[in-house]
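Below is one structure; the comments refer to it alone.
Keep in mind it's a predicted model, so treat the numbers as computed, not measured. The figures that follow rest on heavy atoms only: side chains count, while hydrogens, waters and symmetry mates do not.
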Amino acid sequence: MRERIVLTALGVPALAPVRAAASVDELVTLARRVPPTIVLLDAHLPTPGPVEAIRRLRAVPSQSTVVMLAVPGDEIALDRAIALGARGYLAPDVGRAELAAVAAHILASPGIPGAPGAVPHDGLTAHGHGAVASAPTPVVTRVELPAQATGRDEVSLTKREVEVLVGMSNGRSNAQIGQELFLSEDTIKTHARRLFRKLGAADRAQAVAIGLRKGLIR
């Protein structure tokens, strides 16, 4: 499973760089070297297990956010992990579009530890065979796309709208995208509203997921 989730995370620019750990000790060592913003932690991480991993991560001077990788039957471990501060969960078979949407939502969430500027972007993963880390929100659950977002209808975005969408997929705030494109934040917000309407998206997380699924961004 570790190889699969690492490959998925590598396909999400906002999570770069992605690192993987095979044990709690390795996870904590990597986190001490370069604090990650998001840690994808397998509920089946070998002894001493994911709960102990979270306890040790809390002792590391960082603002890492833990998102569990869990399946039905993992409720006890998941409840204990969330009680210790994990933000929520994703299924181990999470796809690139969904992971990118979660990352975009997390990195753009104001007032959430681990947002851009708080700590370096970095990804770490921990599974039953290891760990993966990357970037954070209040409780992270599965990101659902609106029904119209999954269709095959062609969507025509302007060059500028695509540039704004790419910025969102990389975890940039509206202000940061504006700086990169030499545009005001209000102008970026205008482009964002237009591309949301064209994509049928409610927010930037859905917009990024839809953009990836439709091949508008990579």
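Atom CZ of Arg204 is separated from atom CE of Met168 by 4.5 Å, given to the nearest 0.5 angstrom. The CZ atom of Phe182 lies 14.0 Å from the OG1 atom of Thr187; values are rounded to the nearest 0.5 Å. One distance of note links CZ of Arg194 with CD of Glu161; it measures 7.0 Å at 0.5 Å rounding. Separating the CG atom in Leu84 from the CG atom in Asp79 is a distance of 11.5 Å, to the nearest 0.5 Å. Taking CZ from Arg160 and CG from Leu165, the interatomic distance works out to 14.0 Å, rounded to the nearest 0.5 Å. Taking CD of Gln179 as the start and CD1 of Ile188 as the end, the distance is 10.5 Å to the nearest 0.5 Å.
The two atoms that bring Val51 and Ala77 nearest to each other are CG2-O, 4.4 Å, heavy atoms only. Nearest approach of Pro50 to Met68, heavy atoms of both residues: CB-CE, 3.9 Å. Closest approach of Glu185 and Ala175 over heavy atoms only: OE1-CB, 3.9 Å. For Leu157 against Val162, the heavy-atom pair with the smallest separation is CB-CG2, 3.8 Å. The minimum heavy-atom distance linking Lys198 with Ser156 is given by the pair NZ-O, 3.2 Å. Here the closest non-hydrogen pair linking Ala53 and Leu45 is CB-CD2, 4.0 Å.
Of the possible donor and acceptor atoms, one in the side chain of Arg96 sits under 3.5 Å from a partner among the backbone N and O of Gly11. In this structure, Glu52 contributes its side chain and Gly49 its backbone to no donor-acceptor pair below 3.5 Å.
Using a 4.5 Å heavy-atom cutoff, the side chains of Leu69 and His44 are not in contact. Using a 4.5 Å heavy-atom cutoff, the side chains of Leu216 and Leu199 are in contact. Under the 4.5 Å side-chain criterion, counting only non-hydrogen atoms from C-beta, Lys189 is in contact with Asp186. Side-chain contact check for Glu163 versus Ile177: every heavy-atom pair is 4.5 Å or farther apart. Side-chain contact between Ile54 and Val39: absent, with no pair of heavy atoms (C-beta onward) separated by less than 4.5 Å. Put simply, the side chain of Leu41 reaches to within 4.5 Å of the side chain of Leu27, judged on heavy atoms.
Ion pairing of Arg4 with Asp93 is absent here, as no side-chain N (NZ or NE/NH1/NH2) approaches a carboxylate O to less than 4.0 Å. Arg172 and Glu180 are joined by a salt bridge, as a carboxylate oxygen and a charged side-chain nitrogen come within less than 4.0 angstrom of each other.
The side-chain contact (heavy atoms from CB on, under 4.5 Å) test with Val18 is passed by exactly one of Ile5, Val12, Leu10: Leu10.
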